[in-house]
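Written out below as C-alpha coordinates is the structure these notes cover.
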Amino acid sequence: MGTKPVLVVHGGAWAIPDDFAERSILGVKNAVRNGFAVLEMGGSSMKAVEIAVRALEDDTVFDAGHGAVLNADGYVELDAIIMNGKTLAAGAVSCIRNISNPVTFACSVLEKTPHVMLTGTGANQFAEKLGIPRVPVEELVTVHAKAEWEQYRKYKQTVKSLFNTEFIHDTVGAVAIDCEGNVACATSTGGITNKMVGRVGDTPLIGSGGYADNLIGAVSATGHGESIMKVTLARLILFHMEQGKTPKEAADSALHYMEKRVHGRGGVIVVSKTGEWTARFTTKRMAWAGIKEGMLIYGLNPGETIQEIIKPPK
(Lines give C-alpha, C1' and ligand atoms only; values in the text may rest on other atoms or scores of the structure.)
Protein backbone atom coordinates (compact mmCIF):
# COMPACT_ATOMS: atom_id res chain seq x y z
CA MET A 1 0.00 0.00 0.00
CA GLY A 2 2.78 2.37 0.95
CA THR A 3 1.37 5.10 3.17
CA LYS A 4 4.00 7.67 4.15
CA PRO A 5 4.57 7.21 7.88
CA VAL A 6 3.87 10.08 10.28
CA LEU A 7 4.53 10.47 14.00
CA VAL A 8 3.43 13.39 16.18
CA VAL A 9 4.07 13.83 19.92
CA HIS A 10 3.06 16.34 22.61
CA GLY A 11 4.45 17.08 26.06
CA GLY A 12 1.29 18.56 27.58
CA ALA A 13 -0.75 21.72 27.07
CA TRP A 14 -0.33 24.20 29.94
CA ALA A 15 1.34 27.48 30.88
CA ILE A 16 4.85 26.09 30.42
CA PRO A 17 7.26 28.40 32.28
CA ASP A 18 10.29 29.77 30.42
CA ASP A 19 12.73 27.69 32.45
CA PHE A 20 10.95 24.53 31.19
CA ALA A 21 10.59 25.71 27.60
CA GLU A 22 13.89 24.65 26.08
CA ARG A 23 13.91 21.27 27.84
CA SER A 24 10.32 20.65 26.75
CA ILE A 25 11.22 21.27 23.09
CA LEU A 26 14.33 19.08 23.31
CA GLY A 27 12.20 16.39 24.95
CA VAL A 28 9.51 16.26 22.26
CA LYS A 29 12.11 16.37 19.47
CA ASN A 30 14.00 13.48 21.03
CA ALA A 31 10.80 11.46 21.51
CA VAL A 32 9.55 12.01 17.97
CA ARG A 33 12.92 10.92 16.55
CA ASN A 34 12.92 7.77 18.69
CA GLY A 35 9.43 6.81 17.64
CA PHE A 36 9.90 7.67 13.99
CA ALA A 37 12.96 5.41 13.78
CA VAL A 38 10.54 2.51 14.38
CA LEU A 39 8.32 3.60 11.47
CA GLU A 40 11.30 4.09 9.15
CA MET A 41 12.31 0.49 9.71
CA GLY A 42 8.83 -0.63 8.72
CA GLY A 43 7.65 -1.02 12.31
CA SER A 44 4.04 -0.63 13.46
CA SER A 45 2.35 2.59 14.56
CA MET A 46 1.61 0.83 17.90
CA LYS A 47 5.31 0.25 18.57
CA ALA A 48 6.17 3.77 17.41
CA VAL A 49 3.74 5.52 19.79
CA GLU A 50 4.85 3.29 22.68
CA ILE A 51 8.54 4.07 22.09
CA ALA A 52 7.85 7.81 21.70
CA VAL A 53 5.77 7.98 24.90
CA ARG A 54 8.38 5.91 26.80
CA ALA A 55 10.97 8.55 25.87
CA LEU A 56 8.66 11.27 27.25
CA GLU A 57 7.97 9.24 30.42
CA ASP A 58 11.72 8.90 30.97
CA ASP A 59 12.24 12.66 30.64
CA THR A 60 11.79 14.42 33.99
CA VAL A 61 10.63 17.68 32.40
CA PHE A 62 7.24 16.02 31.71
CA ASP A 63 4.58 14.88 34.18
CA ALA A 64 4.48 11.17 33.33
CA GLY A 65 6.60 8.35 34.73
CA HIS A 66 9.83 10.08 35.84
CA GLY A 67 8.82 13.64 36.73
CA ALA A 68 5.29 12.72 37.86
CA VAL A 69 3.57 14.89 40.46
CA LEU A 70 2.33 13.89 43.92
CA ASN A 71 -1.30 13.41 44.98
CA ALA A 72 -2.82 14.70 48.24
CA ASP A 73 -1.28 11.82 50.22
CA GLY A 74 2.16 12.33 48.69
CA TYR A 75 2.01 9.33 46.35
CA VAL A 76 2.50 9.14 42.62
CA GLU A 77 -0.53 7.73 40.77
CA LEU A 78 -0.06 7.18 37.06
CA ASP A 79 -2.51 6.73 34.18
CA ALA A 80 -1.95 5.66 30.56
CA ILE A 81 -3.70 4.39 27.44
CA ILE A 82 -2.67 2.91 24.10
CA MET A 83 -5.02 2.10 21.22
CA ASN A 84 -4.75 0.20 17.96
CA GLY A 85 -6.70 1.78 15.09
CA LYS A 86 -6.81 -1.41 13.04
CA THR A 87 -8.69 -3.55 15.59
CA LEU A 88 -9.88 -0.89 18.07
CA ALA A 89 -8.07 -2.88 20.75
CA ALA A 90 -7.08 -0.64 23.66
CA GLY A 91 -5.18 -1.06 26.90
CA ALA A 92 -5.35 1.38 29.79
CA VAL A 93 -4.18 1.61 33.39
CA SER A 94 -5.08 4.07 36.09
CA CYS A 95 -3.92 4.84 39.63
CA ILE A 96 -0.84 2.66 39.27
CA ARG A 97 2.10 3.25 41.56
CA ASN A 98 5.85 3.06 41.27
CA ILE A 99 6.10 2.07 37.62
CA SER A 100 8.31 4.17 35.41
CA ASN A 101 6.70 3.33 32.04
CA PRO A 102 2.91 3.14 32.37
CA VAL A 103 2.46 3.10 28.58
CA THR A 104 4.24 -0.25 28.29
CA PHE A 105 2.11 -1.60 31.13
CA ALA A 106 -1.00 -0.41 29.22
CA CYS A 107 0.31 -2.45 26.23
CA SER A 108 0.41 -5.52 28.48
CA VAL A 109 -3.23 -4.98 29.45
CA LEU A 110 -4.11 -4.86 25.74
CA GLU A 111 -2.02 -7.91 24.81
CA LYS A 112 -2.38 -10.17 27.86
CA THR A 113 -5.92 -9.60 29.18
CA PRO A 114 -9.41 -9.55 27.62
CA HIS A 115 -9.98 -6.12 29.22
CA VAL A 116 -9.48 -2.49 28.19
CA MET A 117 -8.68 -0.94 31.58
CA LEU A 118 -7.18 -2.03 34.88
CA THR A 119 -7.08 0.24 37.89
CA GLY A 120 -5.76 0.57 41.44
CA THR A 121 -4.89 -2.54 43.46
CA GLY A 122 -5.74 -5.01 40.68
CA ALA A 123 -3.55 -3.16 38.18
CA ASN A 124 -0.66 -3.05 40.62
CA GLN A 125 -1.04 -6.78 41.35
CA PHE A 126 -1.06 -7.55 37.62
CA ALA A 127 2.14 -5.52 37.20
CA GLU A 128 3.77 -7.61 39.91
CA LYS A 129 2.60 -10.82 38.21
CA LEU A 130 4.16 -9.65 34.94
CA GLY A 131 7.40 -8.91 36.79
CA ILE A 132 7.33 -5.21 35.87
CA PRO A 133 9.99 -3.70 38.12
CA ARG A 134 8.70 -1.38 40.81
CA VAL A 135 10.73 1.74 41.29
CA PRO A 136 10.87 3.73 44.53
CA VAL A 137 8.76 6.91 44.58
CA GLU A 138 11.99 8.88 45.06
CA GLU A 139 13.17 7.72 41.65
CA LEU A 140 10.05 9.08 39.90
CA VAL A 141 9.66 12.32 41.80
CA THR A 142 11.76 15.34 40.91
CA VAL A 143 12.85 17.97 43.43
CA HIS A 144 10.56 20.37 41.59
CA ALA A 145 7.49 18.11 42.01
CA LYS A 146 8.20 17.68 45.72
CA ALA A 147 8.66 21.42 46.29
CA GLU A 148 5.46 22.13 44.37
CA TRP A 149 3.52 19.59 46.43
CA GLU A 150 4.78 21.11 49.71
CA GLN A 151 3.82 24.55 48.46
CA TYR A 152 0.25 23.46 47.71
CA ARG A 153 -0.04 21.69 51.07
CA LYS A 154 1.11 24.83 52.82
CA TYR A 155 -1.29 27.15 51.07
CA LYS A 156 -4.06 24.56 50.76
CA GLN A 157 -4.49 25.57 47.16
CA THR A 158 -7.26 23.65 45.55
CA VAL A 159 -7.00 21.78 42.32
CA LYS A 160 -9.63 24.19 40.95
CA SER A 161 -7.44 27.23 41.50
CA LEU A 162 -4.63 25.36 39.79
CA PHE A 163 -6.74 24.72 36.72
CA ASN A 164 -7.79 28.31 36.49
CA THR A 165 -4.17 29.43 36.35
CA GLU A 166 -3.28 26.60 33.92
CA PHE A 167 -0.21 25.95 36.05
CA ILE A 168 -0.66 22.25 35.85
CA HIS A 169 1.89 20.04 34.29
CA ASP A 170 0.34 17.66 32.08
CA THR A 171 0.11 14.66 29.98
CA VAL A 172 2.37 13.34 27.22
CA GLY A 173 1.19 11.56 24.10
CA ALA A 174 1.81 10.37 20.56
CA VAL A 175 -0.16 9.53 17.42
CA ALA A 176 1.14 7.74 14.34
CA ILE A 177 0.32 6.16 11.01
CA ASP A 178 2.63 3.45 9.67
CA CYS A 179 3.43 2.36 6.11
CA GLU A 180 0.59 -0.20 6.28
CA GLY A 181 -1.85 2.66 6.92
CA ASN A 182 -2.57 1.61 10.51
CA VAL A 183 -3.04 4.41 13.06
CA ALA A 184 -2.39 4.32 16.82
CA CYS A 185 -2.39 6.65 19.81
CA ALA A 186 -0.84 6.60 23.27
CA THR A 187 -1.26 9.00 26.20
CA SER A 188 0.36 8.94 29.66
CA THR A 189 0.25 11.18 32.75
CA GLY A 190 1.15 11.67 36.39
CA GLY A 191 -1.99 13.77 36.94
CA ILE A 192 -2.26 16.95 38.98
CA THR A 193 -0.31 18.02 42.06
CA ASN A 194 -2.28 17.44 45.26
CA LYS A 195 -5.15 15.76 43.39
CA MET A 196 -7.58 13.70 45.47
CA VAL A 197 -6.38 10.17 46.03
CA GLY A 198 -7.96 7.95 43.40
CA ARG A 199 -8.77 10.83 41.02
CA VAL A 200 -8.69 9.65 37.43
CA GLY A 201 -8.46 12.18 34.64
CA ASP A 202 -9.14 11.89 30.92
CA THR A 203 -5.83 10.24 30.01
CA PRO A 204 -6.69 6.54 30.41
CA LEU A 205 -10.30 6.92 29.27
CA ILE A 206 -10.99 5.65 25.78
CA GLY A 207 -12.45 8.43 23.60
CA SER A 208 -11.30 11.17 25.98
CA GLY A 209 -7.51 11.04 26.45
CA GLY A 210 -7.06 9.22 23.16
CA TYR A 211 -8.76 7.31 20.37
CA ALA A 212 -7.56 5.59 17.21
CA ASP A 213 -9.59 4.22 14.31
CA ASN A 214 -8.13 3.30 10.91
CA LEU A 215 -11.36 4.45 9.26
CA ILE A 216 -10.77 8.04 10.46
CA GLY A 217 -7.50 8.73 12.31
CA ALA A 218 -5.97 9.02 15.77
CA VAL A 219 -5.94 11.64 18.55
CA SER A 220 -4.06 12.16 21.82
CA ALA A 221 -5.42 14.86 24.14
CA THR A 222 -4.02 16.95 26.99
CA GLY A 223 -5.37 19.69 29.24
CA HIS A 224 -8.10 20.01 31.86
CA GLY A 225 -9.02 16.34 32.34
CA GLU A 226 -12.51 16.83 33.71
CA SER A 227 -13.43 19.09 30.76
CA ILE A 228 -11.94 16.65 28.24
CA MET A 229 -14.02 13.81 29.74
CA LYS A 230 -17.23 15.81 29.59
CA VAL A 231 -16.94 16.32 25.83
CA THR A 232 -15.07 13.05 25.04
CA LEU A 233 -12.59 15.24 23.21
CA ALA A 234 -10.60 12.64 21.23
CA ARG A 235 -13.72 10.97 19.81
CA LEU A 236 -15.37 14.36 19.19
CA ILE A 237 -12.46 15.37 16.93
CA LEU A 238 -12.71 12.13 14.97
CA PHE A 239 -16.47 12.65 14.68
CA HIS A 240 -15.80 16.04 13.04
CA MET A 241 -13.30 14.38 10.69
CA GLU A 242 -15.93 11.77 9.74
CA GLN A 243 -18.12 14.73 8.75
CA GLY A 244 -15.40 15.88 6.34
CA LYS A 245 -13.37 18.36 8.39
CA THR A 246 -9.56 18.42 8.14
CA PRO A 247 -7.60 17.45 11.29
CA LYS A 248 -6.91 21.14 11.96
CA GLU A 249 -10.56 22.21 11.50
CA ALA A 250 -11.78 19.27 13.60
CA ALA A 251 -9.31 19.99 16.42
CA ASP A 252 -10.09 23.72 16.50
CA SER A 253 -13.82 23.09 16.40
CA ALA A 254 -13.73 20.57 19.29
CA LEU A 255 -11.35 22.66 21.44
CA HIS A 256 -13.52 25.72 20.88
CA TYR A 257 -16.63 23.74 21.84
CA MET A 258 -14.94 22.47 25.02
CA GLU A 259 -13.97 26.01 26.02
CA LYS A 260 -17.41 27.42 25.29
CA ARG A 261 -19.45 24.56 26.78
CA VAL A 262 -17.47 23.60 29.91
CA HIS A 263 -14.83 26.38 30.12
CA GLY A 264 -11.95 23.97 29.72
CA ARG A 265 -8.73 24.45 27.81
CA GLY A 266 -6.46 21.85 26.32
CA GLY A 267 -4.48 20.65 23.36
CA VAL A 268 -4.46 17.77 20.89
CA ILE A 269 -2.35 16.06 18.28
CA VAL A 270 -4.19 14.43 15.40
CA VAL A 271 -3.31 12.28 12.39
CA SER A 272 -5.84 11.34 9.71
CA LYS A 273 -6.09 8.01 7.87
CA THR A 274 -4.38 9.69 4.90
CA GLY A 275 -1.45 10.96 6.99
CA GLU A 276 -2.56 14.58 7.31
CA TRP A 277 -1.70 15.83 10.82
CA THR A 278 -1.93 18.77 13.19
CA ALA A 279 -1.10 19.98 16.71
CA ARG A 280 -3.55 22.51 18.21
CA PHE A 281 -4.09 23.99 21.68
CA THR A 282 -6.02 26.66 23.58
CA THR A 283 -3.66 26.85 26.57
CA LYS A 284 -0.73 29.28 26.77
CA ARG A 285 1.71 26.74 25.39
CA MET A 286 2.10 23.14 24.27
CA ALA A 287 5.37 21.46 23.33
CA TRP A 288 4.83 19.30 20.23
CA ALA A 289 6.82 17.81 17.36
CA GLY A 290 6.01 15.83 14.24
CA ILE A 291 7.95 14.02 11.52
CA LYS A 292 6.79 13.31 7.99
CA GLU A 293 8.81 12.80 4.80
CA GLY A 294 12.17 13.87 6.20
CA MET A 295 10.84 17.02 7.88
CA LEU A 296 10.81 17.56 11.64
CA ILE A 297 8.31 20.27 12.58
CA TYR A 298 7.86 21.49 16.14
CA GLY A 299 6.49 24.33 18.24
CA LEU A 300 5.71 25.63 21.72
CA ASN A 301 3.88 28.95 21.40
CA PRO A 302 0.55 29.63 19.66
CA GLY A 303 0.93 29.82 15.89
CA GLU A 304 4.57 28.75 16.02
CA THR A 305 5.93 26.12 13.61
CA ILE A 306 9.64 25.57 13.18
CA GLN A 307 10.92 23.24 10.48
CA GLU A 308 14.09 21.21 10.32
CA ILE A 309 15.17 18.90 7.52
CA ILE A 310 16.19 15.63 9.14
CA LYS A 311 18.04 14.29 6.15
CA PRO A 312 17.90 14.89 2.42
CA PRO A 313 15.41 12.60 0.67
CA LYS A 314 17.08 9.62 -1.00
Side-chain angles (χ1 to χ4, degrees), residues 12 50 53-54 56-58 62-84 89-141 145-146 149 152-153 158-160 162-163 168-173 185-211 220-230 232-234:
E50 183 200 346
V53 169
R54 277 182 71 101
L56 294 163
E57 286 173 342
D58 290 342
F62 304 113
D63 170 20
H66 294 266
V69 296
L70 300 170
N71 71 8
D73 281 3
Y75 292 110
V76 170
E77 288 182 322
L78 307 165
D79 303 332
I81 192 169
I82 188 162
M83 187 165 181
N84 181 335
V93 291
S94 92
C95 293
I96 56 165
R97 292 189 177 173
N98 300 39
I99 289 174
S100 55
N101 293 114
V103 71
T104 296
F105 184 28
C107 278
S108 300
V109 173
L110 188 159
E111 290 161 6
K112 300 184 168 84
T113 81
H115 308 304
V116 168
M117 183 191 267
L118 287 182
T119 184
T121 317
N124 287 296
Q125 282 169 354
F126 183 55
E128 264 169 52
K129 199 172 135 189
L130 292 175
I132 293 178
R134 286 174 70 82
V135 292
V137 169
E138 292 66 52
E139 199 183 302
L140 295 178
V141 177
K146 197 144 179 59
W149 179 72
Y152 291 133
R153 301 285 287 178
T158 62
V159 162
K160 194 170 187 319
L162 268 184
F163 275 136
I168 43 165
H169 307 248
D170 209 54
T171 319
V172 302
C185 71
T187 315
S188 178
T189 190
I192 322 162
T193 296
N194 214 18
K195 64 185 177 181
M196 270 180 78
V197 177
R199 178 261 185 189
V200 179
D202 66 290
T203 299
L205 300 188
I206 189 169
S208 294
Y211 201 82
S220 171
T222 160
H224 181 210
E226 280 70 13
S227 297
I228 291 170
M229 289 188 259
K230 289 169 188 171
T232 55
L233 185 63

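Just so you know, these numbers use all the heavy atoms, side chains as well, and skip hydrogens, waters and symmetry mates.
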Worksheet item: Which distance, rounded to the nearest 0.5 Å, do you find between the NZ of K112 and the CG of L130?
Response: 5.5 Å
Practice prompt. List the atom of T203, the atom of D79, and the distance in Å for their closest heavy-atom pair.
Written response: CG2-O, 3.8 Å
Item to complete: Could you check if a side-chain atom of I82 sits within less than 4.5 angstrom of a side-chain atom of L110, using non-hydrogen atoms only?
Response: yes
Worksheet item: Are the side chains of P102 and I96 in touch, meaning some heavy atoms are under 4.5 Å apart?
Response: yes
Item to complete: Write down the atom of C185, the atom of Y211, and the distance for their closest heavy-atom approach.
Response: SG-N, 3.4 Å
Worksheet item: Can you find a pair of side-chain heavy atoms, one from S100 and one from E57, that are under 4.5 Å apart?
Response: no
Discussion item. Determine whether T189 and V172 satisfy the following criterion, side chain to side chain contact (heavy atoms under 4.5 Å, CB included), listing intermediate values before the conclusion.
Written reply: CA-CA 6 Å; T189 190; V172 302; over 6 Å; no
Worksheet item: Side chains of L205 and M117: does their closest heavy-atom pair fall under 4.5 Å?
Response: yes
Item to complete: Examine distances only and state if a side-chain atom of D202 and a backbone atom of M229 form a donor-acceptor pair shorter than 3.5 Å.
Response: no
Worksheet item: Is there side-chain contact between V200 and C95, with at least one heavy-atom pair below 4.5 Å?
Response: yes
Discussion item. Determine whether a donor-acceptor pair (N or O, by modelled atom type, separation under 3.5 Å) exists between the side chain of N84 and the backbone of A90.
Written reply: no
Practice prompt. Grab the two heavy atoms, one from L78 and one from G190, that are nearest each other, plus how far apart they are.
Written response: CD2-CA, 3.8 Å
Worksheet item: If you round to the nearest 0.5 Å, how far is OG1 of T171 from CZ of F62?
Response: 11.5 Å
Discussion item. Quick check: closest heavy atoms across I99 and I132, and the distance to 0.1 Å?
Written reply: CG2-CG2, 4.0 Å
Worksheet entry | Residue pair T113, F126: steps toward the side chain to side chain contact (heavy atoms under 4.5 Å, CB included) verdict | CA-CA 10 Å; T113 81; F126 183 55; 3.5 Å; yes
Practice prompt. Work out which heavy atom in R97 is nearest to a heavy atom in R134; give both atom names and the distance.
Written response: O-NH1, 3.9 Å
Worksheet item: How long is the span from the NZ atom in K230 to the OG atom in S208, to the nearest 0.5 Å?
Response: 12.0 Å
Practice prompt. Say whether T187 and S220, considering side chains only, have a donor N or O and an acceptor N or O under 3.5 Å apart.
Written response: yes
Item to complete: Determine the minimum heavy-atom distance between A186 and V103, stating which atoms define it.
Response: CB-CG2, 3.9 Å
Fill in: E226 and R199, any side-chain heavy atoms less than 4.5 Å apart
yes
Worksheet item: Are T121 and N124 side-chain neighbours, meaning at least one heavy-atom pair lies under 4.5 Å?
Response: no
